[in-house]
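A short write-up of the structure that comes next.
Keep in mind that the numbers below use all heavy atoms, side chains included, and drop hydrogens, waters and symmetry copies. Lettering of chains follows the sequences in order, A, B, ..., and the numbering in each one begins at 1.
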Amino acid sequence: MLDSQWLRADIDDIAQRLTVRGFELDIAAFRDLEGRRKVLQTDTESLQSERNRCAKEIGQAKARGDDAAEVMAQAASINDRLKAVESELATVQIALTEFISGIPNIPHHSVPTGRNETDNVEIRRWGESTEFAFPPKDHVDLGAELGMLDFEMAVKLSGSRFVVMYGDLVRLHRALIHFMIDLHTREHGYREIYVPYLVNADSLFGTGQLPKFADDQFVFPGEPPLYLVPTAEVPVTNIARDRILTADELPQKMVCHTPCFRREAGSYGKDTRGMIRQHQFEKVELVHLVEPAQSWNALEELTGHAEAVLQRLELPYRVVVLCSGDIGFSAAKTYDIEVWLPGQDGYREISSCSNFEAFQARRMRARWRNPASRKTEFLHTLNGSGLAIGRTLVAVLENYQQADGSIAIPAALRSYMGGTDMIVGANRS
RNA sequence: GGAGAGGUGGCUGAGUGGUCGAAAGCGGCGGUCUUGAAAACCGUUGAAGGGAAACCUUCCGGGGGUUCGAAUCCCUCCCUCUCCGCCA
């Protein structure tokens, strides 16, 4: 959510800066709502003031034993007018909030202008794309031949976009989770956190998934309705909701493993093969809560922490900065880390690291007390995958495949695999 | 699931219809004292919105109602705690 005072002051400038996202800000609609809000609010407040004055007078008159009938009549007529104005103001304010919370974040100056993902800009590469002395397979074939990856069983149990895994592959999947959490807690200074997998609507509003992306969420109707977390970002960031943190509580760097649940509405026919796009997947998430002056440094740091995972796993990757047209609703800037997938003969997103500046914090009223100004200010929030587990598993399978279809275990994972250095097919062992 | 008690400022906690945005304590900030710190003492200290400012308005879990006037009374929802039951 953008600052409403800023919108009032600089709406033309803001509208201009949003055009690079392909977002057209309806200036006239805002001016109309804002104009009405101002008049109604002023009227309401002056009527409230009069009412308070009358009430006080009545109280004092009664205390003296005087007759207050005249003032009471006056108060009644004020109240009639007040009721009408108040309800009109409430309507306008709801419309205004809805309008403002539907405006995406302003891209940072350093974000390249572009229309879609083809305009994203590669900023660095690590490693060379893996070479094979044989035609490499993709993870679906590899997993099936190992007898450890079963999409048909998942369809029977649940439907499309789920997976069933068996044996050493599950262990590898679990090893990835432990390896990543250990790396971030032991070497990158993160605190591990465990959170609910079902969250309320306020939490989803806070991080920006609601109201605009309601169709992407799995919801349990009820009072109140609960939503399956689409990412740990939601519960972890909302820890700061409605709080005023002190300077010594910042920065907070948290790492959290959760399953993630996404409807993937609107992605029919996209990535239907394999584990790339699932309704349920695991992710190790990194979240930073920082004072505003630190957030741009924090974005570089956080991205580096996600990259470190791939470096330790010796998986080739590149980092791209998302262009203005491809950046998410709430983000001011996003780096995508894309891992090399031989099965797709290309790079594929495995982490998305973003600085939201105060956009989420304003939605969730997450503040800190700035010792310099002694005022409360919104803090800045960031997050990034560190990393998506399912896609990392895919990357290990495809990059570490051997000619006979077995999978070598990256050195960094062997201690998490009981010393095993190879996954061989169930049929062969 | 049954019974009961509660939800008040950064925290603890008083406050059952009229200067209550709210006592007190803790914490924070400023000061006195001190070589420095601690202790003690004095002062100060909620958030949000509007306004150039004076100042005004709103907020005591959420929503609704009663009243000239609600933290306080009524309705409803949510949440927390205690006991019992059930249970991974």
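- Distances from the side chain of Asn79(A) to the nucleotides C68(B), G10(B), G50(B) place C68(B) closest.
- Taking atom C1' in both C74(B) and C84(B), the straight-line distance is 31 Å, to the nearest Å.
- If you take atom P in U8(B) and the same atom in C73(B), they sit 16 Å apart, rounded to whole Å.
- Salt bridge status for Arg31(A) with Asp12(A): present, with a side-chain N to carboxylate O gap under 4.0 Å.
- In this structure, CG of Asp248(A) is placed 11 Å from C1' of G28(B), rounded to the nearest angstrom.
- G43(B) and G61(B) have their C1' atoms separated by 34 Å, with the value rounded to a whole Å.
- A salt bridge is defined here as a Lys NZ or Arg NE, NH1 or NH2 lying under 4.0 Å from an Asp or Glu carboxylate O, and Asp119(A) with Arg115(A) fails to meet this definition.
- Taking the six-membered ring for Trp and the full ring otherwise, the centers of His288(A) and Tyr190(A) sit less than 6.0 Å from each other.
- The stretch residues 81-102 of chain A does not touch RNA chain B, since none of its heavy atoms comes less than 4.0 Å from the strand.
- Spacing between A71(B) and G65(B) at atom P, rounded to whole Å, works out to 15 Å.
- Ring centroid separation for the pair Phe329(A) and Phe359(A) comes in under the 6.0 Å cut-off.
- Helical stems in RNA chain B, defined as runs of 3 or more consecutive Watson-Crick or G-U wobble pairs with both donor-acceptor distances under 3.5 Å, are listed by first residue as B:1-7 with B:78-84, B:10-12 with B:24-26, B:27-32 with B:40-45, B:46-50 with B:55-59, B:61-65 with B:73-77.
- Taking the ring centroids of Trp296(A) and His108(A), they lie under the 6.0 Å cut-off.
- Across all strands shown, Ala75(A) has heavy atoms under 4.0 Å from sugar-phosphate atoms exclusively, and none from any base.
- Remark: Arg263(A) does not engage Asp216(A) in a salt bridge, criterion side-chain N to carboxylate O under 4.0 Å.
- At a threshold of 4.0 angstrom between heavy atoms, the contacts of Lys38(A) are confined to the sugar-phosphate backbone, with no base atom among them.
- Between His178(A) and Tyr416(A), the two ring planes are tilted [angle within 30° to 60°].
- Note on residues 269-287 of chain A: pairs passing salt bridge (charged side-chain N to carboxylate O under 4.0 Å, His left out), not counting sequence neighbours, are Asp138(A)-Arg273(A), Asp141(A)-Arg273(A), Glu264(A)-Arg277(A), Asp271(A)-Arg277(A), Asp271(A)-Arg348(A), Lys283(A)-Glu285(A).
- Checking G50(B), C68(B), G10(B) against every side-chain atom of Ile244(A), the shortest atom distance belongs to G10(B).
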Kindly give the atom pairs (protein nitrogen or oxygen, nucleotide nitrogen or oxygen) under 3.5 Å for nucleotides 55-64 of chain B.
residue: C56(B); atom: O3'; partner: Ser49(A); partner atom: OG; Å: 3.4
residue: U57(B); atom: OP1; partner: Asn52(A); partner atom: ND2; Å: 3.3
residue: U57(B); atom: O3'; partner: Gln48(A); partner atom: OE1; Å: 3.1
residue: U57(B); atom: O2'; partner: Gln48(A); partner atom: OE1; Å: 2.7
residue: U58(B); atom: OP1; partner: Arg51(A); partner atom: NH2; Å: 2.9

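- When side chains are defined from C-beta on, Pro410(A) counts as touching Tyr400(A), because their heavy atoms get closer than 4.5 Å.
- The CD-C1' distance, from Glu34(A) to G51(B), rounds to 14 Å in whole Å.
- Per the geometry, CG belonging to Leu40(A) stands 13 Å off C1' belonging to G50(B), to the nearest Å.
- When rounded to the nearest whole Å, the span between NZ of Lys375(A) and P of G46(B) equals 11 Å.
- The CD atom of Glu249(A) sits 12 Å away from the C1' atom of C11(B) (whole-angstrom rounding).
- The side chain of Gln5(A) lies closest to G50(B), out of G51(B), G50(B), G69(B).
- Contacts classified as ring pair (Phe, Tyr, Trp, His ring centres under 6.0 Å) and involving residues 1-40 of chain A (residues at least two apart or in different chains) are given here: Phe30(A)-Phe99(A).
- The CZ-P distance, from Arg369(A) to G27(B), rounds to 16 Å in whole Å.
- The distance between the ring centers of His257(A) and Tyr194(A) does not fall below 6.0 angstrom.
- Closest to the Arg367(A) side chain, of the nucleotides C68(B), G50(B), A48(B), is A48(B).
- Taking the side-chain contact (heavy atoms from CB on, under 4.5 Å) definition, one finds that Ala84(A) meets it with nothing, sequence neighbours left out.
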